[in-house]
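Down below is the structure, laid out as structure tokens.
Here the structure is a predicted model, which means the values were calculated and not measured. Just so you know, ligand 1 is whichever comes first in the structure, and atom 1 is the first atom listed for that ligand.
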Amino acid sequence: MAEKVIPLADHRVRASVPRVPDQWRSPDGPLSDRLGRPLRDLRISVTDRCNFRCSYCMPKEVFDKHYQFLPHSALLSFEEITRLARLFVAHGVRKIRLTGGEPLLRKDLERLIEMLAALRTPDGQPLDLTLTTNGSVLARKARALKEAGLQRVTVSLDALDDALFRRMNDVDFPVADVLAGLEAAQQVGLGPLKVNMVVKRGTNDHEIVPMARHFRGTSIVLRFIEFMDVGATNGWRMEEVLPSAEVIERLSAHFPLEPIDPNYPGETAERWRYRDGGGEIGVISSVTQAFCRDCNRARLSTEGKLFLCLFAQQGHDLRALLRAGCTDEQIAAAIGLIWQDRGDRYSELRAALQADTGTALRKVEMHYIGG
Ligand code: SAM
């Protein structure tokens, strides 16, 4: 039998060690990149492991028992994460989202949440601290997360049809347990709650209306995400992308909708509300309506690499600075230089880049960089 080949370049090694400038007049303070975009939102991947194998994210054929996840020593410690988070807050970050992989699989995550919840902005405000989860262990953990200082959660759920959901997560996980997680989160006050549904044409697009019907009239905001070409393993094809405009069209046939203003500049979801007062939904259209020009997000990978775009090919190794004994001022200065040099706008350039190279660029995997 032919030997198994894992068709993955190890993107984890593709990172440069950031330059620490000798002279930096203001290592702290808000930043602006080359396109005038501030740094506001930091997503931190706390583990590259997940207990689901959704084909659009961590397909079983690649992420099987032979796949080598990061060893514990490679991961940023909670102290390292918190130290970096504090420097990012000084540079303007106001929102931190923990993600992964499946963040609730990271041992003692509550301790990290406590540490992050204690951070304050320069004017003394707490951060907007949230987490994205597949909900599989949320029912068990919701209370401890809330008590540690987590404010809210976003739960991913791609279908209500149990058989379809089990197929999509590819580990036979039942819908009922995710719904129980949502209920527990609601009970302990982890809100406002959001549910993310990745829509793949031909796979779960017939679940759009049932999902909307299920969450209408609850305080839970359902958001439809276009299937994205993240990573290099999910076999992405444009034919499987169902444009958000079509989601709105299909929903409008059942429940009249009207657009509403964003909560803040750079919000990823475009918001709509039911005209009859049944609440709101969101659509995230990073394929068909790129929103790079307002993107104020940075991503910190599981092993401490800073990525400036979900579709990046390379990161900046902040862990190297932490473990080389750099001071806070030096690391803050390095982050400042990196952000000021940022010009990424992959989603806007997607079509042109693919035509240029004849193929998609090799990008880092989402479970590692953090969704
Ligand atoms: N395990 C957590 C979860 O399931 O929410 C957090 C990590 S997951 C990578 C974050 C989000 O990214 C999930 O809502 C997931 O559905 C979404 N996602 C992953 N791959 C995607 C893709 N190719 N296109 C669109 N969304 C994707």
Open item on the list: One residue to check: Thr154. Relative to ligand 1, which of side chain, backbone, both or neither has a non-hydrogen atom less than 4.0 Å away?
Closed with: neither
Task: Contact atoms of ligand 1, heavy-atom distance to Gly101 under 4.0 Å - done: 1 (N), 2 (C), 6 (C), 7 (C)
Task: Distance filter under 4.0 Å to Ser156 heavy atoms, resulting ligand 1 atoms - done: 3 (C), 4 (O), 5 (O), 13 (C), 14 (O)
Task: Under 3.5 Å: N/O of Pro103 near N/O of ligand 1 - done: no
TODO: Report the member of Glu102, Arg43, Met228 with the shortest heavy-atom distance to atom 2 (C) of ligand 1.
DONE: Glu102
- [ ] Have a look at ligand 1 and work out which part of Thr99, if any, has a heavy atom under 4.0 Å from it: side chain, backbone, both or neither.
- [x] side chain
TODO: Using only heavy-atom distances, determine whether the side chains of Glu226 and Ser244 contain a donor-acceptor pair under 3.5 Å.
DONE: yes
Task: Lys/Arg-Asp/Glu bridge criterion (N-O < 4.0 Å) met for Arg37, Asp33 - done: yes
Task: For Asp170, all residues meeting salt bridge (Lys or Arg N to Asp or Glu O under 4.0 Å), sequence neighbours excluded - done: Lys60
Open item on the list: Could you check whether Arg111 pairs with Glu79 (Lys NZ or Arg NE/NH1/NH2 to Asp/Glu carboxylate O, under 4.0 Å)?
Closed with: yes
TODO: With sequence neighbours excluded, tell me which residues meet ring pair (Phe, Tyr, Trp, His ring centres under 6.0 Å) with Tyr274.
DONE: Phe255
Task: Pair Asp328 + Arg83: basic N to acidic O under 4.0 Å - done: yes
Open item on the list: Check this for me: does any side-chain nitrogen of one of Asp341 and Arg34 sit under 4.0 Å from a carboxylate oxygen of the other?
Closed with: yes
- [ ] Can you sort out which atoms of ligand 1 are near Val230, meaning under 4.0 Å from one of its heavy atoms?
- [x] 22 (C), 23 (N)
- [ ] Using a 4.0 Å heavy-atom cut-off, say whether Asn134 meets ligand 1 through its side chain, its backbone, both or neither.
- [x] both
Open item on the list: If the cut-off is 4.0 Å to any non-hydrogen atom of Glu226, which atoms of ligand 1 fall inside it?
Closed with: 24 (N), 25 (C)
Open item on the list: I need the minimum non-hydrogen distance between Asn51 and Leu105, along with the two atoms involved.
Closed with: N-CD1, 3.7 Å
- [ ] Give a yes-or-no answer on whether the side chains of Arg97 and Thr132 include a donor-acceptor pair shorter than 3.5 Å.
- [x] yes
Task: Residue Asn196 vicinity, atoms of ligand 1 by number, heavy atom under 4.0 Å - done: 14 (O)
Open item on the list: Under 4.0 Å from a heavy atom of Cys57: which atoms of ligand 1 are those, numbered in the order shown and with their elements?
Closed with: 9 (C), 19 (C), 20 (N)
Open item on the list: Suppose I only count heavy atoms of Val198 and a 4.0 Å limit; which atoms of ligand 1 are within that range?
Closed with: 16 (O), 25 (C), 26 (N), 27 (C)
Open item on the list: With heavy-atom distances below 4.0 Å as the criterion, list the atoms of ligand 1 near Asn234.
Closed with: 23 (N)
